[in-house]
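Just so you know, ligand 1 is whichever comes first in the structure, and atom 1 is the first atom listed for that ligand. This chain uses plain numbering: 1 for the first residue, then up along the sequence. Just so you know, these numbers use all the heavy atoms, side chains as well, and skip hydrogens, waters and symmetry mates.
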Amino acid sequence: MYETVSKHNLMNWALALIVFDNQIYCKVQMGDITGFLKIRRKEAGNRPVNERICDFSEVEQVLNSEDRMLQASRCMDCGIPFCHWSCPVDNLIPEWNDLLFKDQWKAAYERLSSTNNFPEITGRICPASCEHACVLNIDREPVTIRENEVAIIEKAFSEGYIKPTPPVKRTGKRVAVIGSGPAGLAAADLLNKGGHTVTVFEKDEKAGGLMTFGIPDFKLSKAIVYRRINLMLKEGIILKTGTKIGRDISGKDIISQFDAVCIAIGAGQPRDLDVEGRNLNGIFFAMDFLCNKNRVNAGTMHSDENHLNAENRKVLVIGGGDTGSDCVGTAIRQKAASVTQIEIMPKPPVERLPDNPWPYFGKILKTTTSHEEGCERMWNLSTRRFIGSEGNVQGVEVEEVRWEYENGRYTMKYIPGTSDIIQADLILLALGFINPVTDGLISELELELDNRKNIKTDDILATNVWKVFAAGDSVSGASLVVNAIASGRKAAKEINRFLRNQ
Ligand SMILES: Cc1cc2nc3c(=O)[nH]c(=O)nc-3n(C[C@H](O)[C@H](O)[C@H](O)COP(=O)(O)OP(=O)(O)OC[C@H]3O[C@@H](n4cnc5c(N)ncnc54)[C@H](O)[C@@H]3O)c2cc1C
Ligand code: SF4
């Protein structure tokens with residue numbers, strides 16, 4: 001089989017032309033077209049559990065440059081690079097893998113940064129749909145694309161390839177970006193590089209959105225986020241933190257003072273669980289728990305002020321997704337007595353099901369580094385009520401459910417006689433986010449919303465209000481950093497076109 005693939009590949013790199021952004025690129029010959037036959041996938045790996053749970057430093061380790069280049073040699077430069085197809089920012093993966101293998105780190109960085117504003121972030125925390133779509137993943141040993149990405153950008157920082165490059169000429173146009181998450185920052189970065197004068201408004205005391213206040217330090221060090229923001233400031237972006245638009249400055253004032261506005265306020269409205277006992281003490285939204293710890297770690301909150309500490313508490317996380325997993329890792333580091341995570345959906349399969357074939361994202365069981373650190377996980381459990389005494393939560397009553405496929409959709413059915421009690425005195429609701437916060441800016445500007453209460457935009461990300469565009473989770477609903485970056489980039493291109501036509 002390998003031989004067949006290899007021959008097929010030989011044909012392809014000889015013939016292939018790529019059309020991208022209306023440009024035609026001729027594919028270069030790969031440095032080692034049989035690298036994938038000789039080199040096995042090798043990941044950098046994680047710090048040992050007993051060491052990493054004692055601190056909030058990043059869990060993932062770094063591979064040495066030689067091994068990293070060998071890993072890049074595994075890229076087959078397929079005729080159709082499915083990795084590129086599945087990457088939301090259209091990263092030119094085969095091209096920078098080839099340059100990386102050839103020890104041309106600077107050129108690899110230049111390719112990478114042409115499509116992605118923040119590879120140091122996606123290279124750390126992207127779920128890497130590219131690797132799910134990698135042709136080698138048919139055999140379940142995809143190229144280490146995400147790790148290669150972060151290696152390239154970290155080398156670029158350490159070797160000094162990245163220097164502040166403010167635009168040579170300013171256009172005289174002023175753009176306001178509201179919200180400093182990845183969508184707002186990606187839009188601001190491109191608009192600034194295009195010569196417009198960009199002011200980013202952020203309601204929190206620090207910029208970065210969920211990269212700063214949601215995602216824990218053990219997945220993404222805040223030093224990495226601030227390094228990028230400081231670079232952007234040196235390039236001329238104006239940042240006004242602690243300024244909530246719609247409260248401190250009205251949305252209408254912003255519109256009158258700027259030539260265009262990009263709203264990137266995220267999807268900050270958490271999903272609640274409206275069952276008996278919800279008002280007991282000790283039940284919190286996951287984001288409040290994570291935010292507090294991030295603030296303590298950043299030094300903007302004293303640890304004594306953090307009443308949301310899991311130390312010695314029996315923690316129950318309701319919600320089996322990534323936010324829940326981040327709560328697990330944080331609670332373990334705070335020395336919780338026990339950590340349990342429950343999920344209403346069934347346990348995912350270990351391998352792809354027939355209706356979820358390659359190259360689509362594999363909907364399979366995910367065990368995060370936080371899960372490895374010591375957590376009990378349960379599926380098919382619905383929370384019936386919270387139980388407490390003297391106003392404080394002591395546990396939850398759960399009941400098992402099963403999911404039946406009826407009339408084209410799955411319906412949840414309770415299984416009689418399966419009620420049980422899970423003891424817990426700190427309960428974290430990690431049930432996702434439903435839409436952007438609509439009080440304030442959105443209602444003041446009378447922005448039209450879609451049927452999921454996200455900001456409604458047309459295909460150029462324009463809202464119903466003249467010269468106001470929107471991007472990121474506030475438009476799509478809660479998603480991923482890489483999707484937010486892609487959306488911010490698109491908004492920037494459309495705003496730039498809008499300004500040039502004024
Ligand atoms: C706990 C957690 C973990 C996650 N982990 C991952 C992960 O591992 N990988 C991944 O890819 N994605 C992850 N995500 C998702 C990812 O963080 C988001 O999809 C992404 O940050 C969305 O970017 P955004 O710019 O649209 O919004 P946000 O990052 O939410 O930024 C919006 C910003 O707007 C500001 N704002 C809101 N209203 C106003 C206003 N009126 N005036 C001024 N500022 C305002 C907010 O304070 C915020 O800073 C995670 C999310 C959470 C909650
Ligand atoms: S941004 Fe994500 S999907 Fe794109 S190359 Fe990087 S890890 Fe893969």
In terms of residue, atom name and distance, what is the protein heavy atom nearest to atom 50 (C) of ligand 1?
I215 CG1, 4.0 Å
Quick check on contacts: which atoms of ligand 1 are under 4.0 angstrom from a heavy atom of A264?
32 (C), 33 (C), 34 (O)
Distance under 4.0 Å to a non-hydrogen atom of S129: what atoms of ligand 2 satisfy this?
3 (S)
Top protein contact for atom 44 (N) of ligand 1, by heavy-atom distance:
K203 N, 3.1 Å
Numbered atoms of ligand 1 (with element) below 4.0 Å of G209, judged on heavy atoms
29 (O), 31 (O), 48 (C), 49 (O)
Would one find an N, O or S atom of C87, in either backbone or side chain, under 2.8 Å from atom 4 (Fe) of ligand 2?
yes
Select one of side chain, backbone, both or neither to describe which atoms of M287 lie under 4.0 Å from any atom of ligand 1, heavy atoms only.
side chain
Distance under 4.0 Å to a non-hydrogen atom of L290: what atoms of ligand 1 satisfy this?
1 (C)
Does the plane of the ring in F284 sit parallel, tilted or perpendicular to the ring in H307? Use 30° and 60° as the thresholds.
perpendicular
Pairing of E154 and R227 as salt bridge, 4.0 angstrom limit
yes
With atoms numbered from 1 as shown, which atoms in ligand 2 lie under 4.0 angstrom from a non-hydrogen atom of V482?
1 (S)
Would you mind checking which non-hydrogen protein atom is closest to atom 17 (O) of ligand 1, with the distance to 0.1 Å?
L210 CB, 3.4 Å
Per-atom filter on ligand 1: closer than 4.0 angstrom to a heavy atom of T243 are 42 (N), 43 (C)
May I ask you to list the atoms of ligand 1 that are less than 4.0 angstrom from any heavy atom of D473?
18 (C), 19 (O), 20 (C), 22 (C), 26 (O)
Heavy-atom distances under 4.0 Å decide this one: backbone, side chain, both or neither, for F433 against ligand 1?
side chain
Protein heavy atom at shortest distance from atom 9 (N) of ligand 1:
I125 O, 2.9 Å
Near G472 (heavy-atom distance under 4.0 Å), the atoms of ligand 1 are 26 (O)
Answer with side chain, backbone, both or neither: which part of C130 has a heavy atom less than 4.0 angstrom from an atom of ligand 2?
both
Geometric N/O contact A484 with ligand 1, under 3.5 angstrom
no
How close does the nearest protein non-hydrogen atom get to atom 3 (C) of ligand 1, and which residue and atom is it?
D326 OD2, 3.0 Å
In this structure, atom 5 (S) of ligand 2 is nearest to the protein heavy atom N91 ND2, 3.3 Å
Using distance alone, decide if ligand 1 has a nitrogen or oxygen within less than 3.5 Å of any nitrogen or oxygen in T323.
no
Considering the heavy atoms of E149, write down every atom of ligand 2 situated less than 4.0 Å from one of them.
1 (S), 5 (S), 6 (Fe), 7 (S)
Specify side chain, backbone, both or neither for K219, according to which of its non-hydrogen atoms lie closer than 4.0 Å to ligand 1.
side chain
Considering heavy atoms of the protein only, find what lies nearest to atom 49 (O) of ligand 1 and give residue, atom and distance to 0.1 Å.
E202 OE1, 2.5 Å
So which bit of I178 gets within less than 4.0 Å of ligand 1, heavy atoms only: side chain, backbone, both or neither?
side chain
Would S474 count as being in polar contact with ligand 1, using the rule that some N or O on each side must be under 3.5 angstrom apart?
no
Against heavy atoms of F201, which atoms of ligand 1 measure under 4.0 Å?
43 (C), 44 (N)
